[in-house]
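Worksheet for the structure shown next.
These numbers come from the heavy atoms of this one structure, side chains and all, not from hydrogens, waters or symmetry mates.
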Amino acid sequence: MTVALMWEARAAEGRGEELLAWARQQELPERPVRRETFRAPQDRVLVITWWDAAYDAELPELPEPDGELVMRAVHRWRFESVPGD
């Protein structure tokens with residue numbers, strides 16, 4: 001089964017590039033099957049990692065950035081692939 005972990009944060013005012021650089025520098029203790037980083041308006045950064053694991057498996061996730069770097073707590077979601085797509 002493939003599990004996708006989504007990590008999304010919104011940078012503090014004017015710190016979007018810094019948050020993007022911070023997210024890209026974060027190393028995980030295990031290597032996912034795939035990892036992509038995205039950015040969006042309002043200085044938002046999204047990181048999606050794909051894992052070959054069960055939905056409820058213990059998987060490494062990106063940490064919370066320093067509180068001064070973000071406007072709010074990080075949002076996290078977990079999804080599993082749907083067979084047949």
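- In this structure, the side chain of R76 engages the main chain of L62 through a donor-acceptor pair within 3.5 Å.
- Using a 4.5 Å cut-off between side-chain heavy atoms of Ile, Leu, Val, Met, Phe, Trp and Tyr, with links allowed through other members, M1 and F79 fall into different hydrophobic clusters.
- The distance from atom CG of D43 to atom CD of E13, rounded to the nearest 0.5 Å, is 7.5 Å.
- Contact between A9 and V70 at its shortest, heavy atoms only, is CB-CG1, 4.1 Å.
- The two residues P60 and L5 have their closest heavy-atom pair at O-CD1, 3.8 Å.
- The backbone N or O of Q42 lies less than 3.5 Å from a partner atom in the side chain of R10, making a donor-acceptor pair.
- In this structure, the separation between CH2 on W77 and CD on E8 is 5.0 Å, given to the nearest 0.5 Å.
- A donor-acceptor pair is defined here as one N or O able to donate and one able to accept, closer than 3.5 Å; such a pair exists between the side chain of R78 and the backbone of Y55.
- Residues V33 and T2 form no side-chain contact, since every pair of their non-hydrogen atoms from C-beta on lies 4.5 Å or further apart.
- Residue P65 comes nearest to V74 through the heavy atom pair CD-CG2, 3.5 Å, listed as atom of the first residue, atom of the second, then distance.
- Taking each heavy atom of E68 and A12 in turn, the nearest pair found is O-CB, 3.5 Å.
- Distance CZ/R34 to OG1/T49: 11.0 Å, rounded to 0.5 Å.
- Between the W7 side chain and the P63 main chain, a donor and an acceptor come within less than 3.5 Å of each other.
- Annotation for A73 and E64: closest pair CA-OE1, 4.0 Å, computed over non-hydrogen atoms.
- Residues L59 and A53 share a closest heavy-atom pair of CD2-CB, 4.0 Å.
- Note on L28: it clusters hydrophobically with W22, by side-chain heavy-atom contacts below 4.5 Å among ILVMFWY residues.
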- Task: Walk me through it: do T37 and L46 pass the test side chain to side chain contact (heavy atoms under 4.5 Å, CB included)?
- Result: CA-CA 6 Å; T37 304; L46 171 68; over 6 Å; no
- Go through the steps for H75 and R44 under the test side chain to side chain contact (heavy atoms under 4.5 Å, CB included), then give the verdict. CA-CA 11 Å; H75 291 174; R44 290 178 293 142; over 6 Å; no
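- In this structure, I48 and R35 have side chains that are not in contact, with every pair of non-hydrogen atoms separated by 4.5 Å or more.
- Between the R24 side chain and the A21 main chain, no donor and acceptor come within less than 3.5 Å of each other.
- Taking the charged nitrogens against the carboxylate oxygens, R15 and E17 have no contact shorter than 4.0 Å, which rules out a salt bridge.
- With a 6.0 Å radius and a threshold of 12 heavy atoms from other residues, nucleotides or ligands, R39 has its CZ atom at or below the threshold.
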- Item | Audit row: E30, W51, side chain to side chain contact (heavy atoms under 4.5 Å, CB included) steps and yes/no | CA-CA 10 Å; E30 296 175 45; W51 303 87; 4.0 Å; yes
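- Residue V45 is not grouped with residue M6 when hydrophobic side chains (ILVMFWY) are merged at heavy-atom distances under 4.5 angstrom, including chains of intermediate members.
- V47 and L69 fall within a single hydrophobic cluster, where Ile, Leu, Val, Met, Phe, Trp and Tyr side chains are chained together by heavy-atom contacts under 4.5 Å.
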